[in-house]
Novice: 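Just dropping this structure here.
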2 protein chains.
Amino acid sequence: MTTAKDMQGRDGAALPNPSAVGLVAVIVAATDGEPRALTVQVEGQAAGRSVGLPAGPLVPEHPTLERGLRAWVERQTHQRLGYVEQLYTFGDRDRQGDEAQGLHSLSVAYLALVREVRPAGLAEASWRNWYRYLPWEDFREGRPAALAEIEPKLLAWAGETGDPKLKRRREDRLSLTFGLCDGAWNEERVLERYELLFEAGLIPEAQGQSGSASPADIAVTGQPMAFDHRRVLATAIGRLRGKIKYRPVVFELMPPTFTLFQLQRTVEALSGTNLHKQNFRRLVAQQGLVEETDGVTSGATGRPARLVRFRREVLLERPAPGFRLRPAKRPA
Amino acid sequence: MTTAKDMQGRDGAALPNPSAVGLVAVIVAATDGEPRALTVQVEGQAAGRSVGLPAGPLVPEHPTLERGLRAWVERQTHQRLGYVEQLYTFGDRDRQGDEAQGLHSLSVAYLALVREVRPAGLAEASWRNWYRYLPWEDFREGRPAALAEIEPKLLAWAGETGDPKLKRRREDRLSLTFGLCDGAWNEERVLERYELLFEAGLIPEAQGQSGSASPADIAVTGQPMAFDHRRVLATAIGRLRGKIKYRPVVFELMPPTFTLFQLQRTVEALSGTNLHKQNFRRLVAQQGLVEETDGVTSGATGRPARLVRFRREVLLERPAPGFRLRPAKRPA
DNA sequence: CGGCACAATGCTCACTTTGAGCATAAGTGA
DNA sequence: TCACTTATGCTCAAAGTGAGCATTGTGCCG
């Protein structure tokens, strides 16, 4: 029989293999229609990788993981967090940067959405456009230039293997993630694309390369980050892109009042695609997500737009996702 | 400046607060149209809570979290895992059962879907209908009887507070999760419902009650589990209910060939609701999820049904989720 | 001040996707 | 052969979507 102690590893007498646990945060804001992540300076990393995400170890003073995270972020960046959700727990032995001997080190990543870009009280903390790290993800201006450079390399990678089965599998993955060999682009597969590039050796983090990439390389495969933080960022973007489709989370990024077009720009910034304007406002309208204020924009060119605000009530109303699979009348 | 050591806690000299990390698995199968989870016997728990989920500590031999999990599950249950995905990492100080002094203990939970119910090589491992633990989640036979018992208690809980604001918030939550005070039932909010019951004191695990619940209580608020495993189970069900709507994961639970109605029964088992038969098959058909075989069922009453098989290719085809927010032509 | 360029809004229209049912087909058991 | 049961085919109306055209306010520029 399995004992509780055996299972949970709480045998006080012989504590079984403790691990070092870290907390990492992807803190997202959107200003001027650009998606940004909060970054901090990190010492002791390879050249060109001195920027990372706010992070810190979990310490016993933290009552919960999330509280611990908030504490670290406030300390490192002076940024208060509002909306926070757990992203993923990373634990690969060989992907976390330098290794702690015999100790597993795993990091619990969180996604946070914040409203305003504080001028950043600390020099070490700064907001960066996230497409700087993943340039191939931005389709707002059409197919990103970076992709043109990346694609042949990926195809070469798929072709370089002798094993035809493996080659086939690689091509399938390319089709699925990058939409090569027919296949459509799915903006949510951010992580899968990053991991594919990683495997294909196009990501400097892969080999722990210490040589800094050239500016040209950076424009194509993006700016590297400390540790495996680019992977964490990719995870966050993918998750967020999925979530905005069925939960009104974008509003966490908006100021108290805004125009429908600003809202659209924000969604576009996150998803990396452009949307049909009229249909976008129809969608927002019929879902009852916003209500008009009596303010309008002014100053800019063109007809002034009405300012709206998010209807907090919808958080209670929305029957929520509710996709297909609607229940039958009651055939039982 | 934040140093790498500071951030990641990898300072070999003074290792900062290691934690005990556990792995937990919710292993799901569906046989005879019932959703089941694999459970194991757990020693040293309060009366009536001797059943838990397969789990074990993370040890350094495990190259990745997932591999560690697979190892534990195979050892404890002799069950091989196929589809596995990470669920959530639980880390509340006060919810994990007995505490390790000064050590954070957190558990990384996984969801696994398996095809067949092995007769279970070990007596300690057995498959249990998951609604045994969460009886209020099963709407297949209409509104579950358990809900009728639960609702007045929840309303009382909302009413028992003096603070009108708090009362209001509680009622909002009831509406959102249980569909009380108007509000619709959303089958995905499994965890939120469990947590609400927990807070309302209707869940024995809450106070670490050692007194065993009466059979009548169990029929209403469900069979308790060891540790916080019922919470983990609730998380898994909610996640799975969401996922089947936009990814063809149900097929991981199906035998090589099956009828459309068996497929429907499986989906219904997971989601806890009934579906319109004709529309269900239309959906499956037009999405091209299955292909016909030349077999048909026999023996049972009624017209024999055609056996179909899952089209593995769709894993490569499906433009995937792809909900709303379709991109514009290219207005840029 | 009239005309322009530009963005915000209104509204149309064809085409799919759903929710619900009716009608038939094809076995089993009495 | 009839009664019953489940599988399948099809129809229909109501919503939901993807694309565009048309109009309305504003700031700017002769």
Novice: Considering the options B/Arg239, B/Lys245, B/Arg241, which one meets the salt bridge (Lys or Arg N to Asp or Glu O under 4.0 Å) requirement together with B/Glu188?
Specialist: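 Going through B/Arg239, B/Lys245, B/Arg241 one by one, the salt bridge (Lys or Arg N to Asp or Glu O under 4.0 Å) with B/Glu188 is satisfied by B/Lys245 alone.
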Novice: Could you tell me whether A/Arg193 sits above the aromatic face of A/Trp185, with NZ or CZ closer than 6.0 angstrom to the six-membered ring centre and within 45 degrees of the axis?
Specialist: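 Here A/Arg193 passes the 6.0 Å and 45° test against A/Trp185.
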Novice: Is it true that the side chains of B/Ser126 and B/Arg128 contain a donor and an acceptor less than 3.5 Å apart?
Specialist: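 The criterion, which ignores hydrogens and geometry beyond distance, is satisfied for B/Arg128 and B/Ser126.
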Novice: Hey, which sits more toward the 5' end of DNA chain D by its nearest nucleotide, B/Thr297 or A/Thr301?
Specialist: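 It is B/Thr297, whose closest nucleotide lies nearer the 5' terminus.
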Novice: Rounded off to whole Å, could you give me the CD-to-C1' distance for the A/Gln286 and D/dA14 pair?
Specialist: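 Taking atom C1' of D/dA14 as the reference, CD of A/Gln286 is at 14 Å.
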Novice: Would you list the atom pairs, donor with acceptor, under 3.5 Å between side chains in residues 253-262 of chain B and any protein atom, with sequence neighbours excluded?
Specialist:
{"from": "B/Thr259", "atom 1": "OG1", "to": "B/Phe261", "atom 2": "N", "distance (Å)": "3.4"}
{"from": "B/Thr259", "atom 1": "OG1", "to": "B/Gln262", "atom 2": "N", "distance (Å)": "3.0"}
{"from": "B/Gln262", "atom 1": "OE1", "to": "B/Thr259", "atom 2": "N", "distance (Å)": "3.1"}

Novice: Between B/Val314 and B/Gly288, what is the shortest heavy-atom contact and its length?
Specialist: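 Heavy atoms only, the tightest pair is CG1-O, 3.2 Å.
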Novice: When the distance from CD of A/Gln287 to C1' of D/dT17 is rounded to whole Å, what number comes out?
Specialist: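 In whole Å, D/dT17 C1' and A/Gln287 CD are 13 Å from each other.
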Novice: Figure out the CD/C1' separation between B/Gln262 and D/dA7, and round it to whole Å.
Specialist: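 Value for this atom pair: 13 Å.
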Novice: Roughly how bent is the helix from C/dC1-D/dG30 to C/dA30-D/dT1 end to end, in steps of 10 degrees, with each end axis from five pairs?
Specialist: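 That helix has its two terminal axes inclined by roughly 10°.
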Novice: Suppose we screen for ring-ring contact (aromatic ring centres under 6.0 Å, His included). Which residues come up paired with B/Tyr131, at least two apart in sequence or across chains?
Specialist: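 Residues passing ring-ring contact (aromatic ring centres under 6.0 Å, His included) with B/Tyr131: none at all.
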Novice: Atom NE2 of A/His276 to atom P of D/dG16: distance rounded to whole Å?
Specialist: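 Taking NE2 of A/His276 and P of D/dG16, I get 18 Å after rounding.
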Novice: Using a 4.0 Å heavy-atom cut-off to protein, can you give one letter per nucleotide of nucleotides 9-15 of chain C, 5' to 3': B if the base is in contact, S if only the sugar-phosphate is, - if neither?
Specialist: BBB----
Novice: Out of curiosity, B/Gln286 CD to B/Leu283 CG, how far, rounded to the nearest 0.5 Å?
Specialist: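 Reported to 0.5 Å precision, the distance equals 6.0 Å.
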Novice: Which pairs, protein N/O on one side and nucleotides 28-30 of chain D N/O on the other, fall under 3.5 Å?
Specialist:
none

Novice: Within the 3.5 Å criterion, strictly below it, is a donor on A/Tyr194 or A/Glu192 matched to an acceptor on the partner's side chain?
Specialist: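 There is no such pair between these side chains.
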Novice: I need the single residue from B/Thr221, B/Thr177, B/Ile150 that forms a side chain to side chain contact (heavy atoms under 4.5 Å, CB included) with B/Leu197. Which is it?
Specialist: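 Single side chain to side chain contact (heavy atoms under 4.5 Å, CB included) partner of B/Leu197 among B/Thr221, B/Thr177, B/Ile150: B/Ile150.
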Novice: Check whether any side-chain N or O of A/Arg189 sits under 3.5 Å from a backbone N or O of A/Phe178 as a donor-acceptor pair, and report yes or no.
Specialist: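 Not at all, since once roles are kept as given, no pair shorter than 3.5 Å links the two residues.
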Novice: From CG of B/Leu275 over to C1' of C/dA20, roughly how many Å is that when rounded to an integer?
Specialist: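 Answer to the nearest Å: 14 Å.
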Novice: Just grab all the ring-ring contact (aromatic ring centres under 6.0 Å, His included) pairs involving residues 284-304 of chain B, residues at least two apart or on different chains.
Specialist: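 Listed by first then second residue: nothing to list.
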